[in-house]
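The structure appears right after this line, and notes come after that.
Sequence lines set the chain letters: A, B, ... in the order given, protein chains first and strands last, and positions in each chain run from 1. Because the structure is predicted, anything quoted here is derived from the model rather than measured. FYI, side chains are in, hydrogens and waters are out, and symmetry mates aren't considered; it's all heavy atoms of this structure.
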Protein chains: 2
Amino acid sequence: MARSQTTKKLTRIQRQRTDIILEAALDVFSDFGFRGSTIDMIAKRAKLSKPNILYYFDNKEAIHVTVLAKLLETWLAPLHAINEDNDPIDEICKYIEQKLNMARDFPRESKLFANEILQGAPHVLPELQGALKDLVAQKVKIIEAWSKDGKIAQVDPHHLFFSIWATTQHYADFDIQVRSVLDDNTKDPFDTAGPFLKTMFSTMLTP
Amino acid sequence: MARSQTTKKLTRIQRQRTDIILEAALDVFSDFGFRGSTIDMIAKRAKLSKPNILYYFDNKEAIHVTVLAKLLETWLAPLHAINEDNDPIDEICKYIEQKLNMARDFPRESKLFANEILQGAPHVLPELQGALKDLVAQKVKIIEAWSKDGKIAQVDPHHLFFSIWATTQHYADFDIQVRSVLDDNTKDPFDTAGPFLKTMFSTMLTP
DNA sequence: AAAAAACTTGACCGTATGGTCAGATATGTA
DNA sequence: TACATATCTGACCATACGGTCAAGTTTTTT
């Protein structure tokens, strides 16, 4: 059997099917949440039978956990990229742009992540308290150094990150609300959000 | 029978029980989402029997809709309060403080609303496109007038509101993430968020 | 080509859940 | 008090869903 393989080499079909299933699962989970999704929905979307899905994953939760784990990697990538040696405000603006691009290009991932956190992070709490916390702590030090050197204004680094996360992800997670309020579909919210956010954070950070 | 009463006067017990049920439902729905909640959970929390719940509400969805409708009223109150005649930056800061207080004092409402929007607003889309959109349009005009008069800097009013919503609600909706990253439980995130956000938006809006 | 391994599925099971209903109990009213 | 109305509930039903399994099909290996 293929399931619960730990550090075994995968066959061609295993890799293919697993990818198809995870892609379908991302689709379904991000639309209906964990409890609102059924294995049948995922199966239909993946064009596989339900038992076939359960041949590759032990159960529904295992699919969810795997999707989340994959997602977290790419989710944290932009944060990793912040570099102490470059111009502070350029780096922050670059970070904002990357986060906003991710919200635009990967709304399913953003919504799924939001859903997970809203429910109290039942599957990723350890990662939040471990990897994420450590990574943030590291970047917080960079911000503090910039402040101390007078390169940027004095700001609470944690809240700076929270604000960037909140504002960028808002356009993916609350997409329906944003579009309802704007409604004049002449402009893409993302296009106008970029300059707005960069201006806002630049203004605050300029000493 | 008591259910589906349209414009009939309610008995004392009807009012009491309805309130108890809605309170319990808010608890459960905000914790588990619509699909993750069961009528039995609500019944247990309300200390009523399941059929008794269904005596007052036609079905699970009716409870959800009612909870959301009640919630929306209080949710939009702070926005209503923005007054053109007062000092612009004071008004915005007051709005931020009110939104942040709501996130702190009514996290269940915030999470439930977030959940609803994340799922595509199946129950409140008309309100978003109607009442909310109109209210925002009205307040956008105030911001634009302030800008034109040189009282505040030129900013996109819509994105200004989006940013305020995103940053304030973030502390309720992503509470678990915020606390995971901060972890030093010496400070309450809400206490430090207030000054941070007011500074950020004031700085941006000062001409 | 044949055996072995990997993959797939129709049919099935147990449980959870939304919802119903007939009848019991409490409450209000004449 | 007696009647009517409102409130409440145990028992029940139908469906949906997570998950299993034995048997079949395809792919890989020898």
[X] side-chain N/O to [N] phosphate OP1/OP2 under 4.0 Å:
X: R17(B); N: dA6(D); value: no
X: R12(A); N: dT28(D); value: yes
X: Y55(B); N: dC21(C); value: no
X: Y56(A); N: dA6(C); value: no
X: Q14(B); N: dA6(D); value: no

Can you tell me the distance, in whole Å, between the [atom1] atom of [X] and the [atom2] atom of [N]?
X: K60(B); N: dT15(D); atom1: NZ; atom2: C1'; answer: 14 Å
X: N52(A); N: dT20(D); atom1: CG; atom2: P; answer: 15 Å
X: F32(A); N: dC17(D); atom1: CZ; atom2: P; answer: 11 Å
X: Q16(B); N: dC8(D); atom1: CD; atom2: C1'; answer: 15 Å
X: I53(A); N: dG10(C); atom1: CD1; atom2: C1'; answer: 16 Å
X: L54(B); N: dT9(D); atom1: CG; atom2: C1'; answer: 12 Å
X: F57(B); N: dG19(C); atom1: CZ; atom2: P; answer: 13 Å
X: R15(A); N: dC7(C); atom1: CZ; atom2: P; answer: 11 Å

Can you tell whether the side chains of [X] and [Y] come within less than 4.0 Å, N to carboxylate O?
X: R104(A); Y: D188(A); value: yes
X: D31(B); Y: R45(B); value: no
X: K94(B); Y: E91(B); value: yes

Ignoring hydrogens and geometry, is there a side-chain-to-backbone donor-acceptor pair from E116(B) to V124(B) under 3.5 Å?
yes
With DNA chain C as reference, determine whether E61(B) or I13(B) sits nearer its 5' end, using the nearest nucleotide of each.
E61(B)
How about H158(B) and F161(B): are their ring centres within less than 6.0 Å of each other?
no
Sub-6.0 Å ring centroid separation between Y171(B) and H159(A):
yes
So if I take residues 33-51 of chain B and measure heavy-atom distances to DNA chain D, which residues fall below 4.0 Å?
S49(B), P51(B)
Side-chain heavy-atom pair L132(B), Q177(A) within 4.5 angstrom cut-off:
yes
